[in-house]
Q: 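Mind having a look at this structure? Questions to follow.
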Amino acid sequence: MSEREKSPLSRLLDFAGPYKILTFTGLVLSAVAQLFSLVPYISVWLALKALIAAAPNFSEAKSIIGYGWAAFLFSTAGILLYFAALMCTHIAAFRTATNIRKQGMAHLMKTSFGFFDTHASGLLRNKLDNGASETETLLAHNLADIAGTITLFVSMVVLMFVFDWRMGSACLLAVVISIAMLFSMMGGKNTNLMRSYMDSLDEIAKAGTEYVRGIPVVKVFQQTVYSFKAFRQAIEKYSEKAENYTDKACRLPQSVNLTATEGAFLFLVPAALFIAPSALESGNFASFVTDFAFYAIFSAIISTALARIMFASNGAMLAKSALERIDIVMRASVLPSSENPKHMKDNSIEFKNVDFRYEGSTTNALSNVSFKAQSGETVALVGASGGGKTTIASLIPRFWDVESGEVIVGGVNVKEIEQKELMQNISFVFQNTHLFKTSILENVRAANPNATKEDVERALSFAQCDDIIKKLSDGIDTIIGSKGVYLSGGEQQRIALARAILKNAPIVVLDEATAFADPQNEALIHKALKHLTKGKTVIMIAHRLSTVVGADKIIVLDGGKIVESGKHDELKSAGGLYAKMWEDYNKAVEWKISKGGEL
């Protein structure tokens, strides 16, 4: 049976692995616990029958002591069994939720970077993390309650018709009405209402994340919260969906449901009045009274049992909706891997007639791009923003797959290289660095978990981070982002360079590593880059043309195409696009504000 053909519950239990047996154990224990919970009601009925039979000599009804002990012992056993059942289902539920998160994250690690471009991080977190949390209620509580309630209902139906089928039918009428109302609220067309309600929750998570990230912009420009229309609209949409579901779908059915279940005794009274005359005539009035007492007491558990069904049904519906959202993560397309992977032969990089288009775009980001960087060469990519520089850099580690053509690293098509080997041989330094909220030591050691503290200190020194470490009270053990410890953009970039130096990969991709650095940090970063790139194959994306003058090859991109290629002096004298960029760059360097604010 394929994954899509399995029921949502079966697929959820698959996540539990060997802990699945605990779920089934919990269901059995819950069912037995519910059977035990019925014994006290039967004991009360038997005790009443014995008392009425012995009346007025009640002292002769000695058997009621045994019935009392039976009620106590079975009640206690039922509580203990139900507790054991919940322990089993909770352990299985927590393991299931943990495995969902682990497998989801593992799957995301295999997807292309393009998936993260089209799916907001807040939305992914909500789908995976919240979705896993929502399955806990079903697996930890609802399944045990469903098993117990089914057992209880079957037993109730049997008992209702054992003593007097007429009074049993009257009590059962409340059950029929309640189930009909529950189906009205949670079944049929209302299933789609719940799905749209959960979708609106996802939209709030997505819009909320974007809003929080944009708060600095709001404060700088003194905007109100209403300037973020997407967040406001998401809240209003959620409010509308919640109101539609609770008011239009649930108000009337729930009112009827509560009236029927809480007033089950009212259905019993007319039936008792109808039966009483015949019981008096036949001389079985005492038996009638005990039967009526049993059903009067028994009707009190109907509301409890049906409430469990309602919450269990709601949990099942939420879990199904959560599984659908988890599937968006689990079924995200992954980059295919070769069945017979090949190993890199050297550190060269070559593009052969590469075409690439981003998902959802109507135009190519790259068109017929071909070039080669020999092992140990430094190749600079220059051109206007949007020209395709970052796209080329991203295709080298196979963040995406090309539409046509080949990206060859180490003499092998990247599609034929095992992803782990490819990533081990490439270091990246991007414009926007990300440091984890942990110590500088662990931030740098992320590039090589087996590195010693001395290795990390050496990498930090090569990355010109000595001044950063000296000013921190705990040195490299200082946790970034805690106790007011924050680093500037240039300082963060140097820590990121230390990572790359520690990794010591033979291929280095630099996406304008000095873009946001001040002059002092830029000078230090350039020193760090000398250590990082020595003897390596380097692909350098540059906006400041002064950084590429010494490159072995400069590739000029315009509109996703290579328009020029060569060394700095060759391109400058050719009088093409690069020469114009060089001229504009030098004018920008000499730009200054004169007295009075004029340029």
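Here, residue 1 is the first one in the sequence, and each next residue gets the next number. What you see is a predicted model, and the numbers here were worked out from it, not measured in a lab.
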Q: Is M423 atom CE crowded by more than 12 heavy atoms from other residues, nucleotides or ligands, each under 6.0 Å away?
A: yes
Q: Is a side-chain donor or acceptor of K372 paired with a backbone partner of S348 at a separation under 3.5 angstrom?
A: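 Not confirmed, K372 side chain does not pair with S348 backbone.
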Q: Is the distance between the ring centroids of F428 and F399 under 6.0 Å?
A: yes
Q: If only atom types and distance count, is the side chain of N448 paired as donor or acceptor with the main-chain N or O of K503 below 3.5 Å?
A: no
Q: Under 3.5 Å, is there a donor-acceptor pair between the N99 and T96 side chains?
A: no
Q: Backbone N or O of A447 within a donor-acceptor pair of the R499 side chain at under 3.5 Å?
A: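 No; judged by distance alone, with no hydrogens or angles, the pair does not exist.
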Q: Would you call K470 and D467 a salt bridge, taking side-chain N to carboxylate O under 4.0 Å as the test?
A: no
Q: Looking at Y19, I'd like to know if its OH atom is crowded, meaning that more than 12 non-hydrogen atoms belonging to other residues, nucleotides or ligands lie closer than 6.0 Å.
A: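 Not more than 12 within 6.0 Å, no.
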Q: Using every non-hydrogen atom in the two residues, find where G560 and V369 come nearest and quote the distance to one decimal.
A: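 The answer is O-CG2, 3.5 Å.
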Q: What heavy-atom pair brings L139 and A93 nearest, and what distance separates the two atoms?
A: CB-CB, 3.6 Å
Q: Tell me if a side-chain donor or acceptor on T452 pairs with a main-chain N or O of D455 at a distance below 3.5 Å.
A: yes
Q: Do K389 side-chain atoms and A384 backbone N/O form a donor-acceptor pair below 3.5 Å?
A: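 Here the side-chain-to-backbone pair exists.
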Q: With a 4.5 Å cut-off on side-chain heavy atoms, are L497 and F462 touching?
A: no
Q: Would you confirm whether N443, through its side chain, and F436, through its main-chain N or O, come within 3.5 Å as a donor-acceptor pair?
A: yes
Q: Would you compute the distance between atom OH of Y358 and atom OG of S394 and round it to the nearest 0.5 angstrom?
A: 5.5 Å
Q: Compare every heavy atom of I541 with every heavy atom of A393, then report the nearest pair and how far apart it is.
A: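 Minimum heavy-atom contact is CB-CD1, 3.6 Å.
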Q: Answer yes or no: is there a donor N or O on one side and an acceptor on the other, between the side chain of S361 and the main chain of R357, under 3.5 Å?
A: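 A pair under 3.5 Å: no.
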Q: Going by salt bridge (charged side-chain N to carboxylate O under 4.0 Å, His left out), name the residues that satisfy it together with K20, two or more places apart in sequence or in a different chain.
A: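 Partners of K20 by the salt bridge (charged side-chain N to carboxylate O under 4.0 Å, His left out) criterion, ordered by chain and then number, come out as D14.
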Q: Are side-chain heavy atoms of L441 and K453 found at a separation under 4.5 Å?
A: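 Yes; the side chains approach each other to less than 4.5 Å.
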Q: Using modelled atom types and a 3.5 Å cut-off, is there a donor and acceptor pairing between side-chain atoms of D584 and backbone atoms of M581?
A: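 Side chain of D584 to backbone of M581, a donor-acceptor pair under 3.5 Å: no, none is there.
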Q: Once you measure the plane-to-plane angle for H90 and H141, does it fall in the parallel (<30°), tilted (30-60°) or perpendicular (>60°) bin?
A: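 Rings of H90 and H141: perpendicular, over 60°.
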Q: Report the residues that fulfil side-chain hydrogen bond (donor to acceptor under 3.5 Å, both in side chains) with N347, sequence neighbours left out, ordered by chain and then residue number.
A: none
Q: What I'd like to find out is whether the side chain of L557 reaches to under 4.5 Å of the side chain of I392, using heavy atoms alone.
A: yes
Q: Between atom CD1 of I501 and atom CG of L460, what is the distance when rounded to the nearest 0.5 Å?
A: 8.5 Å
Q: In Å and rounded to the nearest 0.5 Å, what is the CG to CG distance from L487 to L472?
A: 6.5 Å
Q: Give a yes or no answer on whether the side chain of T537 reaches the backbone of G376 with a donor-acceptor pair at less than 3.5 Å.
A: yes
Q: Do you know which two heavy atoms are closest between A144 and T89, and how far apart they sit?
A: CB-CG2, 4.3 Å
Q: How many angstroms lie between CD1 in I440 and CD1 in I480, if you round to the nearest 0.5 Å?
A: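 So the CD1 of I440 and the CD1 of I480 are separated by 4.5 Å.
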Q: Quick one: do I417 and N425 satisfy side chain to side chain contact (heavy atoms under 4.5 Å, CB included)? Show the steps, please.
A: CA-CA 11 Å; I417 304 173; N425 284 279; over 6 Å; no
Q: Has E377 got a side-chain atom pairing as donor or acceptor with Q374's backbone, closer than 3.5 angstrom?
A: yes
Q: Would you name the heavy atoms of H568 and V549 that are closest together and state the gap between them?
A: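 Closest approach of H568 to V549, heavy atoms only: CB-O, 3.5 Å.
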Q: If you take all heavy atoms of S427 and A505, which pair is closest and at what distance?
A: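 What the structure gives for the nearest pair is OG-CB, 3.3 Å.
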Q: Is any side-chain heavy atom of I396 less than 4.5 Å from a side-chain heavy atom of V414?
A: no
Q: Quick test of your reading of the model: are E416 and K342 salt-bridged, counting only N-O distances below 4.0 Å?
A: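 Yes, charged N to carboxylate O under 4.0 Å.
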Q: Could you tell me whether the side chain of F24 reaches within less than 4.5 Å of the side chain of L13, counting heavy atoms only?
A: yes
Q: When rounded to the nearest 0.5 angstrom, what is the spacing between CD1 in I476 and CD1 in I495?
A: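 Nearest 0.5 Å value for the CD1-CD1 distance: 10.0 Å.
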Q: Can you check whether V379 reaches I349 side chain to side chain, under 4.5 Å on heavy atoms?
A: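 Contact flag for V379/I349 side chains = no.
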Q: Are any non-hydrogen side-chain atoms of V538 and L529 less than 4.5 angstrom apart?
A: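 Not touching, per the 4.5 Å side-chain cut-off.
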Q: Rounded at 0.5 Å granularity, tell me how far CE in M344 sits from CD1 in I507.
A: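 One gets 4.0 Å once the value is rounded to the nearest 0.5 Å.
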Q: Please tell me if the side chains of F351 and L395 come closer than 4.5 Å, counting only heavy atoms from C-beta onward.
A: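 Yes. Closest side-chain heavy atoms under 4.5 Å.
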